[in-house]
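In what follows, every heavy atom counts, from backbone to side chain, and hydrogens, waters and symmetry copies are set aside.
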Amino acid sequence: SESSKLGEYDDHISKKGRIYRQEVYDSNSRLFQSQITKWDKRDLPGEDRWLVWPKQTVNLIWNQDLSRKDTAQSLIYDDFGNVIEQTEFGEVSADSNTGEFTDASDDKRTTKFTYVLNQEKNINSLQSSQIIFDYQDAKVREQRYYYDNQPLGQVQAGSLTKQESWLNADDSFIQIN
């Protein structure tokens, strides 16, 4: 379809009202910036219900000389709608119509998130950890979050009681709050 040539991804009624392409023009009516978002979906229990989320975003910024800088990001979610992986590709080479891209440099960064879960108390979106990896998948940063004076990964009420940061040495952590 014509819309898919402009970046729309997998058209579906669940994505109604979701902006898949946004453009900004300067005072001379020249395209200055484009953002192309690929929305994904999955069925939820029940009839005609879906979880819709931004799967990928590509940003294109034009300079005065008409050269362009493109960046991209992708997201993966868990069953509760929490981001479990965020990949920032940094500079990419993107198709300005469809948003398809190729990673153009070694500035990619991936962040992985884990969450504590207490189904009995309906607690499912408090971060347990956040780990950042560089373009070679080497860990560069890790944060851990503790709740209600419980061990890592457990929660009772959701009160943050301790936070640790990785020291980059012998898998040691330091408490930061």
Worked verdict on Gln56 versus Ser74 for side chain to side chain donor-acceptor pair (under 3.5 Å): CA-CA 4 Å; Gln56 174 183 295; Ser74 68; over 6 Å; no

Using only atom types and a distance under 3.5 Å, with no angle test, would you say the side chain of [X] pairs donor to acceptor with the backbone of [Y]?
{"X": "Arg141", "Y": "Phe133", "value": "no"}
{"X": "Asn63", "Y": "Asp65", "value": "no"}
{"X": "Asn28", "Y": "Arg30", "value": "no"}
{"X": "Asn82", "Y": "Asn124", "value": "yes"}
{"X": "Asp148", "Y": "Gln156", "value": "yes"}
{"X": "Asp95", "Y": "Glu100", "value": "no"}
{"X": "Arg42", "Y": "Asp79", "value": "yes"}

With a cut-off of under 6.0 Å to the ring centre and 45° to the axis, is [X] in cation-pi contact with [Y]?
{"X": "Lys55", "Y": "Trp39", "answer": "no"}
{"X": "Arg144", "Y": "Phe173", "answer": "yes"}
{"X": "Lys38", "Y": "Tyr20", "answer": "no"}

Lys/Arg-Asp/Glu bridge criterion (N-O < 4.0 Å) met for [X], [Y]:
{"X": "Asp40", "Y": "Lys15", "value": "no"}
{"X": "Glu164", "Y": "Lys162", "value": "yes"}
{"X": "Arg68", "Y": "Asp70", "value": "yes"}
{"X": "Arg18", "Y": "Asp11", "value": "no"}

So how far is it from Tyr135 OH to Phe89 CZ, rounded to the nearest 0.5 Å? 16.0 Å

So, taking the atom named OG1 in Thr111 and the one named CD in Gln86, what distance separates them when rounded to the nearest 0.5 Å? 5.0 Å

Candidate pair Trp50 and Asp43, rule side chain to side chain donor-acceptor pair (under 3.5 Å), full reasoning: CA-CA 5 Å; Trp50 301 272; Asp43 293 335; 2.8 Å; yes

Centroid-to-centroid, Tyr115 to Phe80, below 6.0 Å? no

Neighbour count >12 (heavy atoms, 6.0 Å) for atom NZ, Lys69: no

Side-chain donor-acceptor contact under 3.5 Å, [X] with [Y]:
{"X": "Gln143", "Y": "Ser165", "value": "yes"}
{"X": "Thr114", "Y": "Ser129", "value": "yes"}
{"X": "Glu23", "Y": "Gln33", "value": "no"}

Check against side-chain contact (heavy atoms from CB on, under 4.5 Å), Phe32 and Trp62: CA-CA 5 Å; Phe32 170 72; Trp62 281 263; 5.6 Å; no

Would you please test Gln130 and Glu142 for side chain to side chain donor-acceptor pair (under 3.5 Å) and show each step? CA-CA 6 Å; Gln130 176 187 55; Glu142 182 175 358; over 6 Å; no

